[in-house]
Each structure stands twice: as structure tokens, then as C-alpha cells.
Number of protein chains: 2
Amino acid sequence: MAATIRDVARVAGVGLGTVSRVINNSPLVSQATRQRVLDVIAELRYNPSQIARSFSLGKTLTVATIAPFFTRPSVVERLRGIEAALASGGYALVVFNVETRARRDNCLRDVPRSQRADGLLIISLAPQPDEVLALQETRLPVVLIDAYADSLPGVTIDDVAGGALATEYLIALGHRRIGFIGDLIADEMSFNFTSSRHRLEGYQQALVAAGIPPRDEYQRHGLHGRYEARVLARDLLELPEPPTALFAASDTQAMGVLEAARDLNLAVPDQLSVIGFDDIDVAEYLGLTTIRQLLFESGERGVELLLKRIANPATKLEREYLPIELIARGTTRRIAR
Amino acid sequence: MAATIRDVARVAGVGLGTVSRVINNSPLVSQATRQRVLDVIAELRYNPSQIARSFSLGKTLTVATIAPFFTRPSVVERLRGIEAALASGGYALVVFNVETRARRDNCLRDVPRSQRADGLLIISLAPQPDEVLALQETRLPVVLIDAYADSLPGVTIDDVAGGALATEYLIALGHRRIGFIGDLIADEMSFNFTSSRHRLEGYQQALVAAGIPPRDEYQRHGLHGRYEARVLARDLLELPEPPTALFAASDTQAMGVLEAARDLNLAVPDQLSVIGFDDIDVAEYLGLTTIRQLLFESGERGVELLLKRIANPATKLEREYLPIELIARGTTRRIAR
DNA sequence: CTGTTAGCGCTTTCAT
DNA sequence: ATGAAAGCGCTAACAG
């Protein structure tokens, strides 16, 4: 069917090796020979088989990514950074999307083993200790993005500091009754997202530091999603003594909070201040105050670390922290007294 | 290093073929032998190499996707459908993101040739005739999603009908001065998106059918994006005799229109009706009236067509049209008189 | 500079 | 039911 390197060699009247050298731009071919081979390649419409190439080389020039809900704006933006960095390095990107616990476990177990890729990027998923061990056994270079695990390299932000930053800002605006809306605390059945948990920690620390005792009833957790956050927030805002400000662990959840405020006819920011996290695209549109993190860059940096590790697996464990920044917009204001 | 099939065979004291049969669940192995081999596999932590397997089989169990701006909500949703359908079929997904004209051309040319994948899905990009020819020459099964090309299978919606549907709705609400905001008309330098152009056609047809002459100054085109649409809309709305309703070729652009209205202190829908296209996630949040198309499903159906073609390349050219639906929300209303 | 050859790890006949 | 052997298309080491 399709021409092989052997066909090219035969027609051009040269050896296999020569054709291979031409394909790979080796300098050890005379100009004349090279041209002849090139002509035959064009004539035969020959395309080197990537699979055969990978096989022979022992590398796939492919990087695999496991991401939960890759449809979430923050994840998409990280993926975009990954793709861009990978493409400029000549690597292809294969994506595994994970929306159930079972698939998370399967992917984490099987993808590294399949040897389809030269490296693996895991987004927003923290492998458990036993999974880390299994991962290391495969010897496949791995980098975590927006997640942390002992003895695995990664790029993240300081989520605790982020949570504190958001909360301190609300405190500085005079708020004392500050609520928190975040993801479900990881349990057996869930994904082990850690960022929401850390942001909660930062929230609590900031409160304590300001002499405000954190109240349990001000902290609500649910599945990540606009609708879930809306329900949670509505509940929270109907408390006898409701919060005057709400910190949502993500912009998506903050949108749910905004909806809840609308449901209850609470004016934002006059009666309720709202702050989110991530600074996804739509945050600007909504005028949402939020904590910005560099999503695109996290993908880029993750790829850099990974490629370094692929080139030299002995590279010492690197962990990179990306900066965060408070973006004050219109959903927060000094508390009315 | 890692154990190979040969190691397993040796340790288990069986032939290569037997191990292969066990791996592939062939029934031609005795229960006893199978168990012995399985034990050795576990003991050696053997994982069959996917690359070697692909190579030997002559198939990669991978599908490639070329998508422009895969960060756009509508594209992401299609990809999600693709990934889901692929995963359940045992295929992996490799993604190429295209954000420049040059990369579009390169991908269209190189990806099919590289033989990295058993099939190719092209999203929202219409190959030119010469590109179609080159594509067909590679004999790689291809399916278009949200794009059309002669002699290539695909799944799309009827964009002309969609444009007409949106426009007729505005007309039915009493609007006569209806503007259109869409993508740049394809030129040498751009991507050849066709959907916006077709929606414009539908818009014009509906207008004519209602006896309203389309006015050139009511039709604006720019790069796809919220900001660009905002600028375009602002300009349009500052006309001496501005439109009372605006049809945006996508929800993202409709958001820009909404911003423009805000800029000019025009109340929506009281002073201006706005309708979008796609019904992306955020449309519901914004209460945006729009034309819904089945994005996720378009990915699923594209995969189905593609897998069918991979299984049997002689499958006759299939083209599938997905339904559209008007979703009336809060950004449109009967014109005040 | 160039041709030849030995694998890479697996699937698949083909015998047995 | 199972072992042996022939590739799949390419790269790289080796010999000229």
C-alpha cells in the first residue's frame, strides 16, 4: 500500500541507511544522493511511519495528560499552555478526561503502564501514596500540575496563601462574617482535589489571625459546580445571621454564589461581597473580584519540567510555585455600617 | 529494564505465542497454562508495550483531532463528546490546537501523514479543495465536525437555518432593524470558518422573506472574540438609526454585545434585544436567548462516523445534520412601540 | 560517504 | 493447545 523506506531505497538505488539518514537530516549524505532520495520520496509520496519510528527509537514523542473535567475553564486554560509548549517541542499531546472516580483510578493505573507516552502530566489530581509508588515503578517521568504529592515534581500555587489573601482582603474591607463555599472534602468516593481544602485552610488562618473565630456553619462544601454552589450559598445566606461576604474556592462557584444572591434579592456588592478564585476568562466579564493564578503558564512550566525529566530522568525533584495576585473588581466593597 | 513478552515466556516456560494469546484473551490456551502465565506476568510486573503492539498490529488505537482555539467553550464541549466516545471505544485522543493560519496549514498537511493515528477528526475547519485531495491521498479516515467539504463525511448543523431561526424570532417580536455581528469573512489569511458565514446567509434570507431589506451597515465582522464583538457592536449601536435587536453568530460574541449595551447604557432587553448562538454553558447563567446546538453530541456522532470508517474505509460518504433549537431567555423581548 | 545487518516487542501464521 | 519463526518499518552500529 503506502511506500516504505525500503521502496524508496530500491527505487533510488541506495541503501536503507542512506534513506534513513536523509529523512533524519544527517549531514553524512552527499548533496547529490540526498537530492536523488528526496526526489524519490516525493515521487512515491513516501511518509515515514511514526509508529515504526517510535518503536525503533524507543520513544513516542508523545506526552499524556490526565485531567479531571477538562471542560472546566481553568483546566482548559492549563491544557492550552501544555499544548502550546508541547507543540513547540515537537511533542504530541494525548488527553485523558476523567469524570468519575473509577476512571480516575483506571487512568492513573493504566496510562503510565501502556507506554504510549514518554511522559505524563497529571492535572489537579493528587495521587495517593500507593499510587505514587506504582507510578514510580513504571519509571515514566511524571509532573503534577495544580496538585501535590510527596516525592513527585510539580507546579502549583500556594493555595493556603491564596485562601488567606482572599480572606484578608474581605477583612480589610471591614467584613467580620465571612463565609466559604468550596469543594467536597476528599473522601473515599471522590477525587482528592486538594486546592479547595488548602484555600479553606488559608481562610481559617486569616480569620484566626484577625481574631475572628471561624464558624462551622459558615463553611459549606459540595460538588464543584455553579449549581451546587448556588444551592449551598442560598442556604448559607438564609442563616439567621448571614455572612456579609462570601469566598468561593473557584470562580465557577463564585458564579453560583452570585446567582444565589440574585435569588434572594441581595445586591452585590452592596449587601454581599463575593470573591472567587482563578480569574478565568469570564471573571472579567462579570466584574468578579478574584485571586488570579497563571493557568496557561502552569501548563507551560509543567511541560518544561517534564521535558527536562524525560531528557534526564535523574533530574532532582523540582517543585515550582507560581505567583498569585488579588484582582479587585466590582463584587466586593467596604461593608456598609 | 522493563520486562518483555520474552521474559515472561522464558520464566513461565512457555512459547512467545502463548503469552501473546493470554494477553489477548485468546480462547486457545488451557486454563492451567493461562494461570501460570498470568502469575508470571504479575510477578514480573510485565506490561505489554503499546508501541510494539501498535507497530505489529499496524494500528495505533489513537484518533487525532485538529481544533482551532480549543479553548473556546463550544470547541471544548465538542472535544468532551469526542473523548467520551473514544474512551468507551478503547481509543486514545491526541489533540492539536490551532491558533494561527500557519499552524492550521501545517497540521492539516502533516498530521494525516504522520500515521500517528488511525483516524482524524477536524473541528470547525473547512479544508480547501486541494487540502481535501491531499487528505484523501493519505487514505486516512477523516470526519469533519462543524465544517463542510465536498466529498468528506461530517456532522454539522444547518447553519443557514439556524441564522434564519434566530432572525425570524426577532422579526416575530416586532423588530425590523436587526443587526448582525459575526466572524471575519474567510480570506487568504484566515481560517475558513464557515458557520458564521452561513448564519449570516440565514439572517439575510429571513430578512428578505419578511420584506425587510438587509442593510450593509447593520452587518459587522471581526475576529471571533468577546472584545472584538463589543467594539463592533458599540459602533453599530451608535449609528444614527441603530438596530433594536442584534443577532450574534456565537454566544461569546453575544457577550460582547451585552457589554457594548452596558457601555452605552442601553437596557437589555428593554432597549435592545440580543440573541446568540450555541447555548454554551454560560448562556444560561446570563439568561441569554440563543440557538442551541448539540455540541457534546456532535463530538460523539463524529467519533461514531469515524470509527465506522476506520473499521470499513469503503463506507459510503455519510453526512449528518444535528437539530437546533431556539432557547428563549431574557435578552430578547417584543419591541416597545 | 554509503550499504548491510541486527534488533526494537509484539502478533500471527504454520507446524506439531 | 502450544512452540517456532517470520515479519511489521525504522534506526543505529558496523564495515567498508
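Just so you know, these numbers use all the heavy atoms, side chains as well, and skip hydrogens, waters and symmetry mates. Letters A, B, ... mirror the listed sequences (proteins, then strands); counts begin at 1.
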Those residues at least two apart in sequence (or on a different chain) that pass side-chain contact (heavy atoms from CB on, under 4.5 Å) with A:E99 are A:F69, A:N97, B:R80
Residues two or more places apart in sequence or in another chain: which of them pass salt bridge (Lys or Arg N to Asp or Glu O under 4.0 Å) with [X]?
X: A:R45; value: B:E137
X: A:D146; value: A:R78
X: B:R10; value: B:D7

Using a 4.0 Å heavy-atom cut-off to protein, can you give one letter per nucleotide of nucleotides 8-16 of chain D, 5' to 3': B if the base is in contact, S if only the sugar-phosphate is, - if neither?
BBBBBB---
Could I get the full list of side chain to side chain donor-acceptor pair (under 3.5 Å) partners for [X], not counting sequence neighbours?
X: B:T60; answer: B:D118
X: A:R6; answer: none
X: B:Y148; answer: B:D150, B:R319
X: B:T62; answer: A:R116

The helix from C:dC1-D:dG16 to C:dT16-D:dA1: angle between its terminal axes, five pairs each, to 10°?
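Between the axes fitted at each end of the helix from C:dC1-D:dG16 to C:dT16-D:dA1 lies an angle of 40°.
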Would A:R109 and A:N106 satisfy side-chain hydrogen bond (donor to acceptor under 3.5 Å, both in side chains), going step by step from the backbone distance to the final call?
CA-CA 5 Å; A:R109 174 165 34 76; A:N106 289 341; 2.7 Å; yes
For residues 302-312 of chain B, which side-chain N or O atoms pair as donor and acceptor with protein atoms under 3.5 Å away, sequence neighbours left out?
unit_1 : atom_1 : unit_2 : atom_2 : d
B:E304 : OE1    : B:R301 : NH1    : 2.2
B:E304 : OE2    : B:R301 : NH1    : 2.9
B:K308 : NZ     : B:E318 : OE1    : 3.3
B:K308 : NZ     : B:E318 : OE2    : 3.3
B:R309 : NH1    : B:T315 : O      : 3.1
B:R309 : NH2    : B:T315 : O      : 3.4
B:N312 : OD1    : B:A314 : N      : 3.0

Could you give the start and end, 5' to 3', of the contact zone on DNA chain C for chain B, using atoms under 4.0 Å from its heavy atoms?
C:dG9 to C:dT13
What nucleic acid atoms does A:S54 come within less than 4.0 Å of, heavy atoms only: base, sugar-phosphate, or nothing?
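Result for A:S54 = nothing.
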